[in-house]
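Worksheet for the structure shown next.
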Amino acid sequence: MSQTFILDGKTIPFADGQTIMQAATQAGVFIPHLCYHPDFKPHGSCKLCTVKVNGRQTASCTMRAMAGMVVESDTPEINAERLTLTQMLFVEGNHFCPSCEQSGNCQLQATAYHLGMMSPHFDHFFPNRAVDASHPEVLLDFNRCILCSLCVRASRDVDGKNVFALSGRGIKTHLIVNAKSGQLADTHFTLDDKAAQVCPVGVILKKRRGFAVPIGERTYDKQPISATVDAAEGN
Ligand code: SF4
Ligand code: FES
């Protein structure tokens, strides 16, 4: 690993084929992200991980590291853009954190805190998608989906089940369950599936487990999302 690049003034070593995100994570440097997960192929949809490489914007989760590149990430300009993207995600869904059982464990909420988001700023869309409570163990609240496709990738690539898919185009894109009825109960989905573990927000919820962790002990109560880089993804 003799090659390096510069990220916000810090020298980051990388191996051939690694992305900027992978190398930064390995070096313990946090770059905000929502659709990136170390276990899956990058999706490049949320754009939260955008950095400037030699002055040009690019997604750090898909951009391969190259020797000598100069990368800016934690700058007021880039963080302002990340904040706008996060605010857009908040208004596109119904993210009423005070009543969401993922509050404190949610990557979107923790990212908003990290970026200093005080309000969603834009007008709310107020989607009205029906909740799917058909499955005995899992409830789906589609109104919180940020279309990261992690559940789609996990179900297809790890579980071999293809339970979820993204359907529609543009602003009409939404998550669907791959069953004739469209109901989770009519798939082979189980709580042991990788797809049951990966949702970064509060869509895929285990029934009868909500609000079990006291406030103060939830994932992002204990440390901000920027401090989870080593523990969660340091491989
Ligand atoms: S349900 Fe969760 S994991 Fe699946 S696409 Fe929506 S936000 Fe991502
Ligand atoms: S983490 Fe790179 S685009 Fe979402």
Side-chain angles (χ1 to χ4, degrees), residues 18-25 29-53 57-65 71 73 78-79 81-82 84-86 88-90 92-95 97 100-102 105-112 114-115 127 129-133 135 138-159 161-168 172-178 182 184 187 189 193-206 225-226 228-229 232-233:
Q18 274 189 323
T19 60
I20 295 172
M21 175 69 81
Q22 285 168 330
T25 301
V29 177
F30 174 72
I31 299 178
H33 57 274
L34 289 170
C35 69
Y36 168 74
H37 187 294
D39 294 351
F40 303 104
K41 262 187 23 197
H43 191 236
S45 61
C46 77
K47 304 296 180 215
L48 255 284
C49 71
T50 295
V51 293
K52 264 193 183 172
V53 175
Q57 289 202 350
T58 186
S60 61
C61 70
T62 51
M63 177 81 183
R64 292 259 171 110
V71 184
S73 173
I78 296 172
N79 283 329
E81 288 186 23
R82 290 176 178 145
T84 302
L85 289 170
T86 307
M88 286 160 69
L89 287 171
F90 265 84
E92 281 168 22
N94 295 335
H95 296 283
C97 306
C100 177
E101 62 199 72
Q102 279 302 96
N105 297 311
C106 169
Q107 232 179 297
L108 177 67
Q109 183 194 48
T111 301
H114 171 75
L115 296 168
R129 306 184 193 110
V131 163
D132 179 348
H135 194 281
V138 173
L139 177 132
L140 300 176
D141 185 340
F142 295 99
N143 296 304
R144 298 173 182 153
C145 181
I146 58 169
L147 305 175
C148 70
S149 114
L150 279 171
C151 61
V152 177
R153 287 175 276 166
S155 186
R156 182 190 61 211
D157 303 342
V158 180
D159 306 327
K161 293 187 181 176
N162 257 324
V163 168
F164 299 103
L166 298 185
S167 175
K172 297 225 164 90
T173 309
H174 60 287
L175 186 74
I176 56 164
V177 170
N178 272 326
L184 193 64
T187 69
F189 186 82
D193 287 3
K194 181 77 173 173
Q197 331 294 331
V198 292
C199 183
V201 292
V203 180
I204 304 175
L205 298 167
K206 299 177 178 91
I225 195 165
S226 56
T228 61
V229 62
E233 296 161 15

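Counting starts at 1 for both ligands and their atoms, in listed order. Just so it is clear, the values below take in all heavy atoms, side chains as well, and ignore hydrogens, waters and symmetry mates.
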- Message: Quick check on atom 2 (Fe) of ligand 2: does Cys46 put an N/O/S atom closer than 2.8 Å to it?
- Response: no
- Query: What pair of heavy atoms forms the shortest contact from Ala130 to Phe142, and how long is it?
  - Reply: O-CD1, 3.3 Å
- Do the non-hydrogen side-chain atoms of Glu81 and Gln57 ever get within less than 4.5 Å of each other? yes
- Go through ligand 2 atom by atom and flag the ones less than 4.0 Å from a non-hydrogen atom of His33. 1 (S)
- N/O/S atom of Cys35 inside 2.8 Å of atom 8 (Fe) of ligand 1, strictly under: no
- Message: Is Cys35 close enough to atom 4 (Fe) of ligand 2 that one of its N, O or S atoms comes in under 2.8 Å?
- Response: yes
- Item | ligand 1-proximal atoms of Val201, by part, heavy-atom distance under 4.0 Å | side chain
- Query: Does ligand 1 have an atom that lies less than 4.0 angstrom from a heavy atom of Pro200?
  - Reply: yes
- Message: Any salt bridge linking Asp39 with Lys194? Criterion: basic side-chain nitrogen under 4.0 Å from a carboxylate oxygen.
- Response: yes
- For Cys49 and Ser60 the tightest heavy-atom approach is O-OG, 2.7 Å
- Item | Best match, Cys46, Cys148, Ser149: closest heavy atom to atom 8 (Fe) of ligand 1 | Cys148
- Item | Min side-chain heavy-atom separation Phe189-Ile204 under 4.5 Å | yes
- Cys49: numbered ligand 2 atoms lying under 4.0 Å from its heavy atoms: 1 (S), 2 (Fe), 3 (S)
- Query: Considering all heavy atoms of both residues, which atom of Thr187 and which atom of Asn178 are nearest to each other, and what is their separation?
  - Reply: CG2-O, 4.0 Å
- Task: Determine the minimum heavy-atom distance between Pro42 and Thr62, stating which atoms define it.
- Result: CB-CG2, 3.8 Å
- For atom 3 (S) of ligand 2, grab the closest protein heavy atom and report residue, atom and distance to one decimal in Å. Lys47 N, 3.1 Å
- Task: Report yes or no: does His43 have an N/O/S atom closer than 2.8 Å to atom 2 (Fe) of ligand 2?
- Result: no
- Query: For ligand 1, is there an atom lying under 4.0 Å from some heavy atom of Val198?
  - Reply: no
- Message: Among all the protein's non-hydrogen atoms, which is closest to atom 6 (Fe) of ligand 1, and how far away is it?
- Response: Cys145 SG, 2.3 Å
- Can you sort out which atoms of ligand 2 are near Tyr36, meaning under 4.0 Å from one of its heavy atoms? 1 (S)
- Starting from atom 2 (Fe) of ligand 1, find the nearest protein heavy-atom neighbour and note its residue, name and distance. Cys199 SG, 2.4 Å
- If you count the atoms of ligand 2 from 1 in the order shown, which ones are under 4.0 Å from a heavy atom of Cys61? 1 (S), 2 (Fe), 3 (S)
- Starting from atom 4 (Fe) of ligand 1, find the nearest protein heavy-atom neighbour and note its residue, name and distance. Cys151 SG, 2.3 Å
- Taking all non-hydrogen atoms of both residues into account, name the closest pair between Arg144 and Asn94 and its distance. CG-O, 3.7 Å
- Message: Contact between Val138 and Leu205 at the side-chain level, heavy atoms closer than 4.5 Å - yes or no?
- Response: no
- Output the list of atoms in ligand 2 that are nearer than 4.0 Å to some heavy atom of Ser45, sorted by atom number. 3 (S)
- Message: Does any part of the side chain of Tyr36, heavy atoms only, come nearer than 4.5 Å to the side chain of Ile31, both counted from C-beta?
- Response: no
- Query: Which heavy-atom pair separates Ser149 from Leu166 by the least distance, and what is that distance?
  - Reply: CB-CD1, 4.0 Å
- Message: So if I count the atoms of ligand 1 from 1 in the order they appear, which ones are less than 4.0 Å from some heavy atom of Leu175?
- Response: 1 (S)
